[in-house]
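Shown next, in structure tokens, is the structure this report addresses.
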Amino acid sequence: DAKTTQPTSMDCAEGRAANLPCNHSTISGNEYVYWYRQIHSQGPQYIIHGLKNNETNEMASLIITEDRKSSTLILPHATLRDTAVYYCIVRSHSGSARQLTFGSGTQLTVLP
Amino acid sequence: GAGVSQSPRYKVAKRGQDVALRCDPISGHVSLFWYQQALGQGPEFLTYFQNEAQLDKSGLPSDRFFAERPEGSVSTLKIQRTQQEDSAVYLCASSVREGIGGYTFGSGTRLTVV
């Protein structure tokens, strides 16, 4: 699976949009972009995934650039409960490997 | 149940002791994963089951680590002769379909070896 690069940490004001970037310049054509987050003392939580089209669900929006070399996770109205480590992961849905490969993620702190 | 359940939530073991960590995945979920998460790091893959078959154990750090899922539901991760470097959070995840979509993680078992 392709490697991802994320900023180590970010702050966001409560009620504002949080935009978390991720670079995945070596992504291949059949690899999806996944986002998970991990709140302190909990297991990772799935947020969203996409291939090349932008995606939106009740938690967040995922914007993938046309060349697919980077993406942005958007939390439209961040709350204090969104403080967590956010992981951007690239993986294929085919092939023998099924596991997620986590990097170090971005520590998002939502400030009151 | 509604989510992935792991027990115990915390485990303190003396060095050299054997431990067994349990994972109850969501009913009907085919895929089951074990991860190890050291303090301040992202989770690292240990092993993967599809039903009762262990298809990938490439992440197990040594032969002291053993995992099983005999009936394709509950899984147990066993660590023999625990050492201090085994101290970590052990996470279990399951998925209804192999390889596609998001995985549901449990809250993990925090193992401390003293």
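In what follows, chains carry the letters A, B, and so on, assigned in the order in which the sequence lines appear, proteins first and then strands, with residues in each chain numbered from 1.
- Between B:P43 and A:Y87 the shortest heavy-atom distance is CD-OH, 3.9 Å.
- B:R15 CZ: 12 or fewer foreign heavy atoms inside a 6.0 Å radius.
- The environment of B:E85 atom CD is dense: over 12 non-hydrogen atoms of other residues, nucleotides or ligands sit within 6.0 angstrom.
- No chain of hydrophobic side-chain contacts below 4.5 Å, direct or via other Ile, Leu, Val, Met, Phe, Trp or Tyr residues, connects B:L60 to B:V89.
- Interface remark: B:Q37 contributes side-chain atoms only to the contact with chain A (heavy atom separation under 4.5 Å).
- Under a hydrophobic-cluster definition in which Ile, Leu, Val, Met, Phe, Trp and Tyr are linked whenever side-chain heavy atoms come within less than 4.5 Å, directly or via other members, A:V85 and B:Y90 are assigned to different clusters.
- A heavy-atom distance below 4.5 Å is not found between the side chains of A:P44 and B:Y103.
- For CD of A:Q45, the number of neighbouring non-hydrogen atoms (other residues, nucleotides, ligands) closer than 6.0 Å is greater than 12.
- Between B:F45 and A:F102, a ring centre-to-centre spacing not shorter than 6.0 Å is recorded.
- The number of heavy atoms from other shown groups lying within 6.0 Å of CZ (A:R16) does not exceed 12.
- Only the side chain of A:Q38 comes within contact range of chain B, with heavy atoms under 4.5 Å apart.
- Counting heavy atoms from C-beta outward, A:L100 and B:Y35 have side chains that approach closer than 4.5 Å.
- For B:L39, the CG atom counts as loosely surrounded, since its 6.0 Å shell holds 12 or fewer non-hydrogen atoms of other residues, nucleotides or ligands.
- Side-chain contact between A:Y36 and B:F105 is present, with heavy atoms from C-beta onward closer than 4.5 Å.
- Using a 4.5 Å heavy-atom threshold, the side chains of B:L91 and A:Q42 count as separate.
- The side-chain heavy atoms of A:S41 and B:S107, taken from C-beta on, include no pair separated by under 4.5 Å.
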